[in-house]
Number of protein chains: 2
Amino acid sequence: MDRFLSSAVNRIDQKGRVSVPAHFRAVLAKRGEGELYALRALDMPALDVGGLDLLDRYEQRIAQEDPFAQTADDMSFFCHGDGAFLKLDGDGRITMTDFMREHTGIEGEVAFVGRGPFFQMWEPRRFQAYREEARARLSRLRNQPGTTAFIRGPE
Amino acid sequence: MDRFLSSAVNRIDQKGRVSVPAHFRAVLAKRGEGELYALRALDMPALDVGGLDLLDRYEQRIAQEDPFAQTADDMSFFCHGDGAFLKLDGDGRITMTDFMREHTGIEGEVAFVGRGPFFQMWEPRRFQAYREEARARLSRLRNQPGTTAFIRGPE
DNA sequence: CTTCGTCCCGTTGACGCCCATGAGTGCCCA
DNA sequence: TGGGCACTCATGGGCGTCAACGGGACGAAG
């Protein structure tokens, strides 16, 4: 498996460390990503986490912009200045920093949520709430006329 | 890693010195840049800092302008005359000068902000404010119709 | 003689690296 | 089919190292 799937909640210990789910670490290893990079997601209180390929993707996008226009600068500010390295220790744990807590509201526990090519870190309750909202939106979409058949499910 | 990433806040001591984050120093060493060059950023109260390759970036921009226009001359004046060398001491610290304080409003602490090929120095609160503005602009961009898919999340 | 800049050293707190524990799970064999 | 064994993984804690920080000593310049 080469994608980040499913979710799990892990506890933060007194030293501020939390285990990255073993399954996620296996995906990283398979991809040859030794380092983790985390970004503060734009419109939700979560962190987007992945290997350095996560960063490459954004930088390619920035390269398309006029390097002296404000948009390019904002993008750089976001992906370079609003990101952080997460170092895995020998036991597959990372250390929570204030940088991460501020944006997410994470305190004692972290929800790791697979998102395919990357994963997210959430405060468990907020994740729960956001998941309900997302489901509700999709459900509404499904019951509207003229929409595609996405999420009709196997009937 | 060969790019300046993430951010950190360090304190200025009584002698006016401040540590450049070890991670940034490692990047400089990797690039073989022995000297630091600082410029007052154009549209924000920050310093752009990097090796001498930083100048290339600005000279490239000047080259885009009409050499007979006032603009080009202003830019040259700005980037060649309004820069300063920063000397690293044995412990990886630099000394804050009035040149740096004036433009940035830095007093007791400095936020070092990775920007990819260079990094910036900010007064921490102003950095925080500017970061929020940039995020808001990107968020607006993202939610506008007809825009590209930047920051939709790496799918 | 004073002041400023540079070099050097000591302290402290955070972080990386190590090992121990314990719960849960799958597997094997009786 | 049930019991037990081995393994994996999350979690806790000890300890050494290093970076950030503070301050003193020395030398050059005013």
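Side chains are part of it too, since the values below use all heavy atoms of this structure and drop only hydrogens, waters and symmetry mates. Convention: sequence-line order gives letters A, B, ...; per-chain numbering from 1.
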Legend entry - Distance, rounded to the nearest Å, where B:Arg25 contributes CZ and D:dC18 contributes P: 13 Å
Inset, instruction - Could you tell me which residues satisfy side chain to side chain contact (heavy atoms under 4.5 Å, CB included) with A:Asp66, sequence neighbours excluded, listed by chain and number? - result: A:Phe68, A:Ala69
Would you mind writing out the side-chain donor-acceptor pairs for residues 20-37 of chain A within the sub-3.5 Å range, not counting sequence neighbours?
unit_1  : atom_1 : unit_2   : atom_2 : d
A:Arg25 : NH1    : A:Val20  : O      : 2.6
A:Arg31 : NE     : A:Asp2   : O      : 3.4
A:Arg31 : NH1    : A:Asp53  : OD2    : 3.1
A:Arg31 : NH1    : A:Pro117 : O      : 3.4
A:Arg31 : NH2    : A:Asp2   : O      : 3.3
A:Glu33 : OE1    : A:Leu52  : N      : 3.0
A:Tyr37 : OH     : A:Cys79  : O      : 2.7

Inset, instruction - For A:Thr71, check side chain to side chain contact (heavy atoms under 4.5 Å, CB included) against everything at least two apart and list the hits. - result: A:Glu65, A:Met75, B:Leu141
Inset, instruction - Provide, to the nearest angstrom, the distance between the NE2 atom belonging to B:His23 and the P atom belonging to D:dC18. - result: 17 Å
Inset, instruction - Please check if atom CZ in A:Arg101 has more than 12 non-hydrogen atoms from other residues, nucleotides or ligands closer than 6.0 Å. - result: yes
Inset, instruction - Tell me, please, which residues at least two apart from B:Tyr130 pass ring-ring contact (aromatic ring centres under 6.0 Å, His included). - result: A:Phe77, B:Trp122
Legend entry - Of all pairs that satisfy salt bridge (charged side-chain N to carboxylate O under 4.0 Å, His left out), the ones with a partner from residues 74-96 of chain A, not counting sequence neighbours: A:Asp13-A:Arg93, A:Arg40-A:Asp82, A:Asp74-B:Arg137, A:Asp82-B:Arg131, A:Asp82-B:Arg135, A:Asp89-A:Arg93, A:Asp91-A:Arg93
Legend entry - Euclidean distance, A:His103 NE2 relative to A:Asp98 CG, rounded to 0.5 Å: 14.5 Å
Legend entry - Donor-acceptor contact present, side-chain A:Asn10 to main-chain A:Val18, <3.5 Å: no
Contacts under 3.5 angstrom, residues 105-116 of chain B side chains, donor-acceptor by atom type, not counting sequence neighbours:
unit_1   : atom_1 : unit_2   : atom_2 : d
B:Arg115 : NE     : A:Ser76  : OG     : 2.9
B:Arg115 : NH1    : B:Gln120 : OE1    : 3.1
B:Arg115 : NH2    : A:Asp73  : O      : 3.3
B:Arg115 : NH2    : A:Asp73  : OD1    : 3.0
B:Arg115 : NH2    : A:Ser76  : OG     : 3.1

Inset, instruction - Apply side-chain contact (heavy atoms from CB on, under 4.5 Å) to the pair B:Leu39 and B:Leu47, showing each step before the final yes or no. - result: CA-CA 5 Å; B:Leu39 289 170; B:Leu47 298 169; over 6 Å; no
Legend entry - B:Met121 and B:Thr104, any side-chain heavy atoms less than 4.5 Å apart: no
Inset, instruction - Take the C1' atoms of the five end pairs on each side of the helix from C:dC1-D:dG30 to C:dA30-D:dT1, derive the two axes, and give their angle rounded to 10 degrees. - result: 10°
Inset, instruction - Mind listing the residues from residues 102-114 of chain A sitting with a heavy atom below 4.0 Å of DNA chain D? Number order is fine. - result: none
Legend entry - side chain to side chain contact (heavy atoms under 4.5 Å, CB included) against A:Thr97, all qualifying residues, sequence neighbours excluded: A:Phe99, A:Met100
Inset, instruction - Could you tell me the separation between the CD atom of B:Gln14 and the CD1 atom of B:Ile12, rounded to the nearest 0.5 Å? - result: 12.5 Å
Inset, instruction - Provide the start and end nucleotides, 5' to 3', of the part of DNA chain C that has atoms under 4.0 Å from heavy atoms of chain A. - result: C:dG16 to C:dC19
Inset, instruction - Mark up nucleotides 21-26 of chain D, 5' to 3', with B wherever a protein heavy atom is under 4.0 angstrom from a base atom, S wherever such an atom reaches only the sugar-phosphate, and - elsewhere. - result: BBBB--
